[in-house]
Amino acid sequence: MRRLLLVLTLAALAAGCSARDRANPLDPANPDTRGRPTGFAAVAGYTLVMLSWTPQPSLAIDGFQIERLLAGDSLYRPLGGVLPPSASGFLDSGEPNGVLVRYRLYYVIHGAPANLPAEDQATPGPLLPWVVEQGGASVTRLSPDGRHVMFRVGDVGHPQSLAIAPAAGAIWSSSIEDGLVSLSDNGGTVRQSIRGLASPSTMAANPADGSVWVCDPGGSTGQVWHFGTDGGAGVPASLSPLDDPEGIALSPRDHSVWVCERAGNRLSRYAPTGVRLSETPLAGPTRVLVDSLTGVGWVSSFGAGRIWRLSASGALLDSSSVTPTPIGMAVDYAHGRAWVVDPNAATVYALDPSTLTPLF
């Protein structure tokens with residue numbers, strides 16, 4: 001029995017030592033760190049990359065060493081000198097936009113980099129991507145390359161739609177659940193909160209003045225609201241009556257307002273003054289976009305399973321039934337692609353934007 005207790009005690013001591021060793025953040029067997037610096041991120045900006053990590057002021061290291069691999073290089077090269085254990089970031093400025101840069105971060109121990117680095121990469125650029133997440137309670141700004149979250153904007157309800165006027169720095173979001181339309185700026189500050197709408201949904205922002213047009217199919221009469229960046233009513237204040245306004249877009253050419261009236265089975269076009277310009281009969285239209293290059297309007301119907309193309313004046317050009325339940329669309333004539341999203345089929349389709357022929 002004494003011999004058995006001795007064996008058990010030694011085994012317990014060995015297990016305790018092993019657990020303590022693996023608790024060391026420098027140990028490759030540590031399940032949390034794998035022996036690498038933690039929290040390392042390379043976040044792209046405009047002609048720069050912001051590097052950050054978790055400082056280790058109480059760890060027995062000399063500090064941190066950053067290495068960088070630029071386009072055309074075959075080896076990683078040191079970026080600056082050894083940073084102290086308390087350091088938590090570094091700004092790598094002057095990097096060209098659109099070019100991938102790779103980084104490694106090492107612990108420096110006894111004057112030499114450790115064997116195991118943390119790694120990340122970034123592509124600087126001019127873009128300011130924004131996104132809302134289904135079921136979320138914020139508007140999120142991503143890095144220009146889409147790899148990292150820059151920050152989240154709260155106090156905007158549960159947004160499900162965005163409209164952006166880049167030149168005006170206007171980031172509009174709408175929340176059906178909260179009857180709320182919010183205006184934020186590029187820095188993430190909420191400038192306006194417009195409450196009391198029945199069911200604000202899809203939106204379109206005017207790139208010239210930053211104002212927004214908001215579909216509101218709820219209430220006794222469906223309508224499209226128009227708000228300025230001061231939170232007040234635009235001119236005109238609304239478009240009504242409308243029969244279930246489901247999708248909306250502004251023409252980049254003349255700022256005409258294109259509205260999908262799903263229950264009304266038509267696409268309506270309005271002048272910026274609110275005067276109705278045309279009506280095009282379509283079966284249950286749900287989303288619309290107007291191509292900035294050609295002025296052609298693209299309309300999808302989730303219920304009818306069709307995509308239509310309309311001329312700049314609203315005349316029907318052609319249609320396609322390539323996908324059964326289309327909704328989201330984007331057109332890139334420069335690269336010969338029209339993209340269509342079908343959520344029920346879990347598929348993205350690429351079409352020839354001139355013929356609607358499926359490409360892949």
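Values below: every heavy atom of this structure, side chains too, minus hydrogens, waters and symmetry copies.
No donor-acceptor pair closer than 3.5 Å links the side chain of Arg269 to the backbone N or O of Thr280. Within the 3.5 Å criterion, the main-chain N or O of Val296 finds no donor-acceptor partner in the side chain of Asp291. Side-chain atoms of Ser143 come within 3.5 Å of backbone N or O of His148 as a donor-acceptor pair. Remark: the backbone N or O of Gly169 is not paired with any side-chain donor or acceptor of Asp185 at under 3.5 angstrom. The backbone N or O of Gly218 sits less than 3.5 Å from a side-chain atom of Ser199, completing a donor-acceptor pair. The main-chain N or O of His158 is found under 3.5 Å from a side-chain atom of Ser175 such that the two form a donor-acceptor pair.
Ring planes of Phe151 and Trp130: perpendicular class, angle over 60° (limits at 30 and 60°).
Of the N and O atoms on the side chains of Asp62 and His110, not one donor lies less than 3.5 Å from an acceptor on the other residue. Side-chain contact, Asp342 with Thr325: a donor N or O sits under 3.5 Å from an acceptor N or O. For the residue pair Thr140 / Arg152, a side-chain donor-acceptor distance below 3.5 Å is found, with atom types taken as modelled. With 3.5 Å as the limit, one finds a donor-acceptor pair spanning the side chains of Ser174 and Gln160. For the 3.5 Å distance criterion, the side chains of Thr123 and Arg147 qualify, holding a donor opposite an acceptor. Side chains of Glu279 and Ser268: a donor-acceptor N/O pair is absent below 3.5 angstrom, by distance only. Using modelled atom types and a 3.5 Å distance limit, the side chains of His226 and Ser238 yield no donor-acceptor pair. For the residue pair Ser319 and Arg306, a side-chain donor N or O sits within less than 3.5 Å of a side-chain acceptor on the partner. Side chain to side chain, Tyr103 and Arg68 fail the donor-acceptor criterion of an N or O pair below 3.5 Å.
Side-chain contact between Val153 and Ser138 is absent, with no heavy atoms from C-beta onward closer than 4.5 Å. Between Gln65 and Pro78, some side-chain heavy-atom pair lies under the 4.5 Å cut-off. Using a 4.5 Å heavy-atom threshold, the side chains of Leu197 and Trp225 count as touching. A 4.5 Å side-chain heavy-atom check between Leu100 and Gln121 finds at least one atom pair inside the cut-off. Side-chain contact between Leu162 and Val139: present, with at least one pair of heavy atoms (C-beta onward) separated by less than 4.5 Å.
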Is there a ring-ring contact (aromatic ring centres under 6.0 Å, His included) between Tyr349 and Trp339 once you walk through the steps?
CA-CA 6 Å; Tyr349 296 83; Trp339 300 95; over 10 Å; no
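Here the straight-line distance linking atom OH of Tyr270 with atom CH2 of Trp213 works out to 10.0 Å at 0.5 Å rounding. Here the straight-line distance linking atom CD1 of Ile248 with atom CG of Leu289 works out to 13.0 Å at 0.5 Å rounding.
Minimum interatomic distance between Arg253 and Leu293 (heavy atoms only, all atoms of both residues): NH2-O, 2.8 Å. Thr202 approaches Ser161 most closely through the heavy-atom pair CA-OG, 3.5 Å. Residues Asp120 and Ala42 approach most closely at OD2-N, 2.8 Å, considering heavy atoms.
You'll find the ring centres of Tyr106 and Phe64 outside the 6.0 Å limit.
The residues Asp332 and Arg337 are annotated as not salt-bridged, no charged nitrogen and carboxylate oxygen being separated by less than 4.0 angstrom. In this structure, Glu119 does not pair ionically with Arg102, as no charged nitrogen and carboxylate oxygen lie closer than 4.0 Å.
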